[in-house]
Amino acid sequence: MRRIVLGLGLAIAATLACGGYSDAEQNGAAKATWKVLPSINASVTPNYQTGFGPQGGTGSGSTPAAGSAATLDGGYVDFGTVVAGYQYVYKYAAQVKVMTNDALGYKVFAEGTSEFTGTLGSTVPMDSVLFWMLSSSANTQYSNATPFYTTNNTGDIPTNGGNNLTFASGPPSSTLIYSSSSQGTSTQDFDYQIRVPDTVAQDTFTAIVVYTAVAN
Amino acid sequence: MRKYAVATFFFVAVALWYSAKTVLAISSIVTFKEVPLTIIVVAPSPVAFMHLPPSPGQSSSLQVASISSYDTPMGILPPTIIAQSAGQQGAVPVKFLTKPDPTSTYLHEIPINTTITAQQGTTTYVTCPYEMYAYYTTPYNVTDWGYGTTSTGTTGAFPILNYPQASDLAFVVTAVGVPPAANATYTNFSNSGSPGQSTFTGTAGEKQTQCINLKLTVPKTQAVGTYEALIQYNLYST
């Protein structure tokens, strides 16, 4: 971009210099300006640390364990088998890394692409089931946590990490999960929490949470 | 003399047997459930405020601050969110497999509105934020205590606290749809761990759903914030 602008500047200068209004020597100046657009790069890593997986379900009679779709540094945040009516915390669920040259920093939003959908077709509202917390060893299945909401930009968000997303009016502020007021590279870790409804059907449910980093 | 000794021994043995039998009966727990409550403590609202007339020579109108947020050198375009060329997004797929609670037939919570907002220095009454269902084939006793509480003398966390301090959260049980009477007696939640206290009882085969009505007392000095209260309900076969 900078090369193009500089090139244009030189071309204009050359035009001014060579454009003949008369045979007399012509002098002129061209002011070349450019701006560096803020750039931002973000990546999200599920199960980013050894020891990831669910805890909780106290009193349910079963011991929680991560499902087979969860792998270190990837895969699903797979709570495995959970019991209706119980709550679980999922340790080391996701790590967000952001790098930006914007001196004003950035914001990170997170939204579900849809409600949780079961293989048998039933759905469970995401904002009543899945919650997030900044990662902490003190987090439990009962800790205060913030719900994930499904996106208002239905159809815009590609599944599983597409790029070049343009929001009509920006992600809603309710989906802001953290922000920074400085440039550079930073990481933020998250634990998830699930609150399984009493009345949920017996099924396997899936959903996708998309993280979007935006320069300030 | 020997007769007396034998009789005493026999009496003590019977007493020990009966005592052990009673303990076993009490400790015959069927299941337990944990009920989380969210407590949001807010600062008191101002009761009223007075609009003072402006001083002589002073304008009474407030000027709205003008804030410009243009971030381009030219100052032409309003700020917009620009799709980045790469790496702007990432996604986390989430999955879980549900199975029914095998013991919910005997005991479970029916949440209604378990988030309570209360002001500092006030007492808040909440009618039936949740219900408890219980059933068992034998006579039973549902007990409660604050999860994680002890009688070791440590302060404990608001609002349940720890024994010997009285919990700031109390309850009274009523039938579903029946609000507590104005003079109802609320019982502080037990906060010294097991064995807790009886919440309600049932006869063999009795299925019942009871409203748990709450009274929350927030000290004036309690910091504004969000707190968790966790009540453990236990179903004992008696």
Side-chain angles (χ1 to χ4, degrees), chain A residues 33 35 37-46 58-61 67 69 75-87 93-94 96 104 116 130 142-144 159-167 170 192 194 196 198 200-215, chain B residues 29-40 69 71-77 79-104 106-111 114-115 130-131 133 147-148 225-235:
Chain A
T33 61
K35 60 181 178 181
L37 289 174
S39 70
I40 189 166
N41 286 286
S43 64
V44 185
T45 306
T58 310
S60 67
Y76 282 71
V77 169
D78 189 346
F79 283 84
T81 301
V82 295
V83 179
Y86 288 86
Q87 298 186 190
V96 179
L104 297 177
F116 276 97
L130 188 65
Y142 302 116
S143 297
N144 294 320
T159 57
N160 205 7
N163 295 318
N164 301 318
L165 167 66
T166 301
F167 288 98
Y192 286 2
I194 195 170
V196 189
D198 283 302
V200 68
Q202 187 169 357
D203 198 359
T204 297
F205 292 86
T206 55
I208 294 172
V209 176
V210 170
Y211 290 80
T212 303
V214 178
Chain B
I29 187 167
V30 177
T31 185
F32 67 92
K33 308 293 173 188
E34 294 175 350
V35 175
L37 304 169
T38 300
I39 312 290
I40 301 172
S69 61
D71 62 352
T72 61
M74 306 284 286
I76 297 173
L77 299 172
T80 55
I81 294 172
I82 303 169
Q84 305 301 314
S85 57
Q88 183 197 13
Q89 284 187 279
V92 175
V94 182
K95 182 179 183 181
F96 59 89
L97 167 63
T98 56
K99 74 172 189 179
D101 178 6
T103 57
S104 67
Y106 305 123
L107 182 69
H108 65 257
E109 177 212 10
I110 303 168
T114 53
T115 298
Y130 61 95
E131 300 166 354
Y133 170 89
Y147 179 83
T226 301
Y227 301 86
E228 290 291 319
L230 192 57
I231 313 298
Q232 178 167 326
Y233 287 94
N234 315 275
L235 176 63

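By convention in this document, chain letters (A, B, ...) are assigned in the order of the sequence lines, proteins followed by strands, and residues within each chain are numbered from 1.
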Which atom pair, heavy atoms only, marks the closest approach of A/Q87 to B/P36? OE1-CG, 3.4 Å
Decide yes or no on side chain to side chain contact (heavy atoms under 4.5 Å, CB included) for A/N144 and B/T38, but give the supporting numbers first. CA-CA 8 Å; A/N144 294 320; B/T38 300; 4.3 Å; yes
Engaged part of A/D198 at the chain B interface, taking heavy atoms whose separation is under 4.5 Å: side chain
Please report the shortest heavy-atom distance between A/G59 and B/K33, naming the atom on each side. O-NZ, 4.3 Å
In terms of heavy-atom contacts, A/V83 and B/D101 come closest through CG1-CA, 3.4 Å
Between A/V209 and chain B, which part of the residue has a heavy atom less than 4.5 Å away: side chain, backbone, both or neither? both
Checked B/L97, B/I110, B/T103 vs chain A; the most non-hydrogen pairs under 4.5 Å come from B/L97
Considering only heavy atoms and a distance below 4.5 Å, find which of A/V44, A/V82, A/T81, A/T204 pairs most often with chain B. A/V82
Which of A/Y76, A/Y192, A/F205 passes side chain to side chain contact (heavy atoms under 4.5 Å, CB included) with B/V94? Answer is A/Y192
B/T226 portion near chain A, given a 4.5 angstrom heavy-atom threshold: both
Side-chain heavy-atom pair B/E228, A/S143 within 4.5 angstrom cut-off: no
Expected output: side-chain B/T98 to main-chain A/A201 donor-acceptor under 3.5 Å: yes
Heavy-atom pairs under 4.5 Å with chain B - which of A/A69, A/P46, A/A207 has more of them than the others? A/A207
Examine whether an atom of B/E109 lies under 4.5 Å from a heavy atom of chain A, and if so say whether it belongs to the side chain, the backbone or both; otherwise answer neither. backbone
Can you say whether A/T58 sits under 4.5 Å from chain B via the side chain, the backbone, both, or neither, judging by heavy atoms? both
Between A/G80, A/S60, A/G61, the one whose heavy-atom pairs under 4.5 Å with chain B are most numerous: A/G80
Find the distance between CZ (B/F96) and CZ (A/F116) and round it off to the nearest 0.5 Å. 5.0 Å
Without swapping roles, check the side chain of A/T206 against the backbone of B/K95 for a donor-acceptor pair under 3.5 Å. no
